[in-house]
Every structure is written in C-alpha cells, then in structure tokens.
Amino acid sequence: MTISSDMSADPSVLTASPQATQTRKSSASNVVAIVLGNGLEMYDFTVYSFFAAIIGKLYFPVSSSLGALLLSLATFGVGFFMRPLGAVLIGNYADKRGRKAALTLTILLMTIGTALIAFTPTYHQIGIAATLLLVMGRLLQGLSAGGEIGASSAMLMESGLAHRRCFLVSWQTASQGAAALCGALIGVGLSTAFTPAELESGWWRLPFILGLLIAPVGMYIRRQLDETHVVTAEHEHKVSLRDVLRQHYRTLLLGILLMVASTSSMYLEVFYMPTYLIRNLHFPSSTAFAVASLAGAVLFLVPPFVGKYCDTLKSRKTLPVCAMVLSLLVTYPAFLLLQQSTELLQAMLIIGGLILIMTAVASTIFVLMMEAFEPFSRATGISIMYAFGVTIFGGFAPFFVTALMAWTGSALVPAWYLMAATFISLIAMLLFPERRLP
C-alpha cells in the first residue's frame, strides 16, 4: 500500500472494489500492530508513576517521605528530558528510513530501559549505583517514548483513507488508555494482595517484569507491519532536520503550545491522580487505583467513537475548541467537589468527567498537527511538537504540582495548573494553520 494510491482514490469507488478490501485489511492489521506495540511502550513508561511512592523510598534515602516522593517524581520527569532527543533522532529516522524501522527501534530501547528498572537492586543494597541505574532506565524509556509517538501516529494516519484519519489516529490515545488501565489494575491487584511492607520487599517489580515478558511479542508484531512511507529521490533531500525547523518553526511552536492542555491533563488526571488521592485526599490506596482504572477505561473506550465523529466535521478545530472552553468552565468546580468527596463513586464520576473532556480532543489535535506537514517531514514534525510539549508541560507537572501544594498548602493547585494549560492551548488552537495535506 502506498500513500499516493490511498489518498488519490475516490472513497466511494474504493468501497466496493477489491482495492478497498485490501486497503481496509492492511489498515486494520497496521492499527492492531501499532496499538499493541504502542500500548506496551506506554505501559512500560507510565507504570512507574503508579509506584512512585515506593520507588522513592527504596532508591532515594532522604529523611522525609515528601522529599523521597519529590525525588521519585523528578526521576519520572527525567525520562521526559530524553523525549525531545528521541523525537528529533527517531522521528527524523522514521521520515528517512520508514515508519516500520523506527517503531522496531523504539520498542527495543523501551525494553532495555524497563529491564534496568525491573532488576536494579535498591539503594541499601548497592548504594548510589542503584539510583544512577534507575535514572538511566528512565532516560532510555524517555528516548524511546519520544520517537514512538511521532512514528506510530504518522503510520496510523497513513494506514487508511483520508476521511478516516481521526478515527485511525484515535487508537493512539486508546492504546495509552489501555496501558494506564493495565497498570492501574495491576496496582489494584498488588495493593489488595500484599501489605505495604511486602510490596517494598520486591513485589512492586512485578508490573515491570510483566512488561518485559510482552516485549518479544511486540517486537515480532512490529516486524509484520506494512510500511506506509517510502522516501523517493525527489524528496530525500527535504528530510533534513534543519529544513523542517527552518520552514516550519512557527507551526512547530504553535504545536508545542497546542500540546500543553492534553499532556497536562493526561499526566495529572490519569497518572498522578492515584498519588494525589492517597496523599492529599486520604483515600486508601486500593480505591485510588480503582479511580485510575476508570481513567484508563475512559481513555481506552471513548476516543475511537469521538474520532469517528470528528471525521464528519468540516473543521478539525471545532470539537477541540468546544472541549477546551468546557474544560476552562468545569475544572475548578470539579476539583472543589473532589475536595469534599468521601465516596469512591463520586470521586470516580468527577475524574471520569474531566478525562472525558480530554479524550474528545486528542486524536483530532494530532491529525490537525500532522496534516500541517508533508509526508516526508510528518514524523519529525509531530514528534518535535509532542515531545517538547510533554517534556516542558507534562512530564514535570506532577513534580511542580506536588511542590506547589506543599508550598501553598492548597489542594486546588492541580485545578489552577490545568486551567492555565488549557488557556494556552486554546490560543494556540485558534492560531494553528489548518492545511489538510495528503
């Protein structure tokens, strides 16, 4: 399957033709392969956040529990420092050598990084070397994740017809939701089955080891992908990173700002929420993980339906703008209600509603950003916008929010952070060019 044949054909003709059947089969197989691999990548990268408190205690021997938690969350954020590097190197590699080669590389790097976290002895066993190895594992995970999103998103968009792009790319968000759901369910199971002391003794490693067991399957699946991007001699000289930065600097900057709302929402409402509920709202750990499971389920189930609806709209901006305005209106009242919540069901409904707003915009925003670039610079462009946005505003959001809550004494800091992030993205959305390049 090539991009040109897919985009130039009349959809109505393809519907009844053998070529359409083959296109849909190829598209479906690519979606399954990419989603499985991407889900594994995101699971390995994010499961760390669910066990941040335990990891902080075992690898950062400081006097206060808050200090250990902050250092653990900072290490979670350190992985994001490598995302821009991974975005630039692996994203550009995907434009030069194809999406398939890049996606095979990212899953290999993620496997190595996860192995370091899973098997590194604690600080009390080998001293400062334990901390350094843990950080190295996070750096490798960040390098992999930085290149994964761009290559996989570009391949998803290129795997089908133009009028199904939002639906296809929505599986990117769905795979992240599945990863969060798996991590949270495992957290629920471990918290129920073991005491805190037993978890600290080594059972916290189990989620990382499970991720490693799935890695060979992910590698095999990635090698079966149908390549969607072939660089021609005509375009090969245009794949230069310097040219992408020079020709698209304004679009890249707006894209980074466009990512602020969605990435802040993801890392605060989904991955940081268990820590927030346990530490600040005094929920038991098992119920906090149950809320995280709900968040993962919403992210997994909702995006494909929303993506399919977005494909019917004339403008890619319509639904994101509406969702951002709604988010600005309801975030603060939602967190006020959350402060007063004592029942698990009420907390789940509040958090689920906030995440639902976020899922309504994710796939459409990704398609909008990718359509601003030609195919030979698409993976590089989306990788840079996503990785820098996540690194600056998402990865360290839990750290900043925790520190600000300790400084101000207010548990409403996450609401203010999310509202500021949404306002920035709303302005960027209004200014972002809508091009719909093939």
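If you're wondering where the values come from, they're calculated on a predicted model, not measured in any experiment. All heavy atoms count here, side chains included; hydrogens, waters and symmetry mates do not.
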ask   = Between Trp416 and Tyr332, what is the ring plane arrangement, given parallel below 30°, perpendicular above 60°, and tilted in between?
value = tilted

inquiry  = What's the separation between atom CZ in Arg378 and atom CE in Met370, rounded to the nearest 0.5 Å?
reply    = 7.0 Å

request  = Measure from the side-chain N and O atoms of Ser201 to the backbone N and O of Glu198, and report whether any donor-acceptor pair falls under 3.5 Å.
outcome  = yes

request  = Taking the six-membered ring for Trp and the full ring for Phe, Tyr or His, determine whether the centres of Phe208 and Phe119 are under 6.0 Å apart.
outcome  = no

inquiry  = Are there over 12 heavy-atom neighbours, none belonging to Met405, within less than 6.0 Å of that residue's CE?
reply    = yes

query = Which heavy atom of Pro84 sits nearest a heavy atom of Thr391, and at what distance?
reply = CD-OG1, 3.2 Å

Closest non-hydrogen atom pair between Ala151 and Leu103, with its separation = CB-CD2, 3.7 Å

query = Can you tell me how far the CG atom of Leu85 sits from the CG atom of Leu89, to the nearest 0.5 Å?
reply = 4.5 Å

remark   = Minimal heavy-atom distance between Leu257 and Ala428, with the atoms involved, is CB-CB, 3.7 Å

inquiry  = Is the shortest side-chain heavy-atom distance between Tyr123 and Leu58 below 4.5 Å?
reply    = no

Crowding at OH, Tyr417 (>12 non-hydrogen neighbours, <6.0 Å) = yes

task = Would you sort out whether Ser264 and Val260 count as a side chain to side chain contact (heavy atoms under 4.5 Å, CB included), showing the intermediate values?
result = CA-CA 6 Å; Ser264 297; Val260 178; 4.2 Å; yes

request  = Please lay out, stage by stage, how Ser153 and Tyr386 fare under the test side chain to side chain donor-acceptor pair (under 3.5 Å).
outcome  = CA-CA 11 Å; Ser153 297; Tyr386 177 84; over 6 Å; no

ask   = Yes or no on side chain to side chain contact (heavy atoms under 4.5 Å, CB included) for Arg250 and Phe432, after CA distance, side-chain angles and deciding distance?
value = CA-CA 9 Å; Arg250 184 178 183 274; Phe432 196 89; over 6 Å; no

key: Glu269 side chain vs Met266 backbone, donor-acceptor pair below 3.5 Å   = no

ask   = Going from CG on Leu268 to CG on Leu354, what distance comes out if it is rounded to the nearest 0.5 angstrom?
value = 11.0 Å

ask   = Do you know which of Ile424, Val330, Thr331 makes side-chain contact (heavy atoms from CB on, under 4.5 Å) with Met419?
value = Thr331

ask   = Do Thr111 side-chain atoms and Ile107 backbone N/O form a donor-acceptor pair below 3.5 Å?
value = yes

task = Please determine if Arg246 and Asp243 form a salt bridge, counting it only when a charged side-chain N lies under 4.0 Å from a carboxylate O.
result = yes

note = Between Thr173 and Pro303 the two heavy atoms that sit nearest each other are CG2-CG, 3.8 Å

key: CZ on Arg97 to CG on Asn92, rounded to 0.5 Å   = 9.5 Å

inquiry  = Working to the nearest 0.5 angstrom, can you tell me the gap between Thr195 OG1 and Leu190 CG?
reply    = 11.5 Å

query = Got Leu134 and Leu116 here, is their nearest side-chain heavy-atom distance under 4.5 Å?
reply = no

key: Expected output: side-chain Ser144 to main-chain Thr106 donor-acceptor under 3.5 Å   = yes

inquiry  = Check whether Asp95 reaches the backbone of Ala379 with its side chain - one donor and one acceptor, N or O, closer than 3.5 Å.
reply    = yes

request  = Begin with the C-alpha distance, continue with both residues' side-chain angles, and end with the deciding distance and a verdict on side chain to side chain contact (heavy atoms under 4.5 Å, CB included) for Met259 and Phe393.
outcome  = CA-CA 8 Å; Met259 287 301 307; Phe393 302 101; over 6 Å; no

message = Looking at Lys317, I want to see if its NZ is surrounded by more than 12 non-hydrogen atoms of other residues, nucleotides or ligands under 6.0 Å.
response = yes

key: Sub-4.5 Å side-chain heavy-atom contact between Leu143 and Arg83   = no

query = Just by distance, do the side chain of Tyr43 and the backbone of Gln176 share a donor-acceptor pair under 3.5 Å?
reply = no

inquiry  = Taking Glu371 first and then Arg316, would you say they form a salt bridge - that is, a charged N and a carboxylate O separated by under 4.0 Å?
reply    = yes

ask   = So, Phe194 versus Trp203, ring centres under 6.0 angstrom or not?
value = yes

query = Are any of the side-chain heavy atoms of Ile355 and Ile351 separated by less than 4.5 Å?
reply = yes

request  = Without swapping roles, check the side chain of Thr131 against the backbone of Tyr59 for a donor-acceptor pair under 3.5 Å.
outcome  = yes

message = So Leu299 and Met358, do their side chains get closer than 4.5 Å, heavy atoms only?
response = yes

message = Can a donor-acceptor pair be found, under 3.5 Å and without considering hydrogens, that links the side chain of Arg435 to the backbone of Ala372?
response = yes

note = For Glu200 and Ile54 the tightest heavy-atom approach is CG-CG2, 4.0 Å

note = Separation between CG (Leu294) and CG (Leu181), nearest 0.5 Å, reads 9.5 Å

Validation row: Val367, Leu168 side chains within 4.5 angstrom (heavy atoms) = no

key: Ion pair Glu158/Arg99, N-O distance below 4.0 Å   = yes

ask   = Side chains of Trp171 and Ile34: does their closest heavy-atom pair fall under 4.5 Å?
value = no

task = Using the six-membered ring wherever Trp is involved, compare the ring planes of Tyr272 and Tyr276 and label them parallel, tilted or perpendicular (cut-offs 30° and 60°).
result = tilted

request  = Please confirm whether the backbone N or O of Lys100 pairs with a side-chain atom of Thr104, one donor and one acceptor, at under 3.5 Å?
outcome  = yes

request  = Please lay out, stage by stage, how Leu368 and Leu258 fare under the test side chain to side chain contact (heavy atoms under 4.5 Å, CB included).
outcome  = CA-CA 10 Å; Leu368 173 70; Leu258 196 51; 4.2 Å; yes

request  = Examine distances only and state if a side-chain atom of Asn280 and a backbone atom of Ala411 form a donor-acceptor pair shorter than 3.5 Å.
outcome  = no

key: side chain to side chain donor-acceptor pair (under 3.5 Å) between Gln172 and Ser363, intermediate numbers included   = CA-CA 8 Å; Gln172 173 72 262; Ser363 63; over 6 Å; no

ask   = Should Ser383 and Val88 count as side-chain neighbours, where that means a heavy-atom distance under 4.5 Å?
value = no

ask   = Which atom pair, heavy atoms only, marks the closest approach of Ile350 to Ala334?
value = CG2-O, 3.5 Å

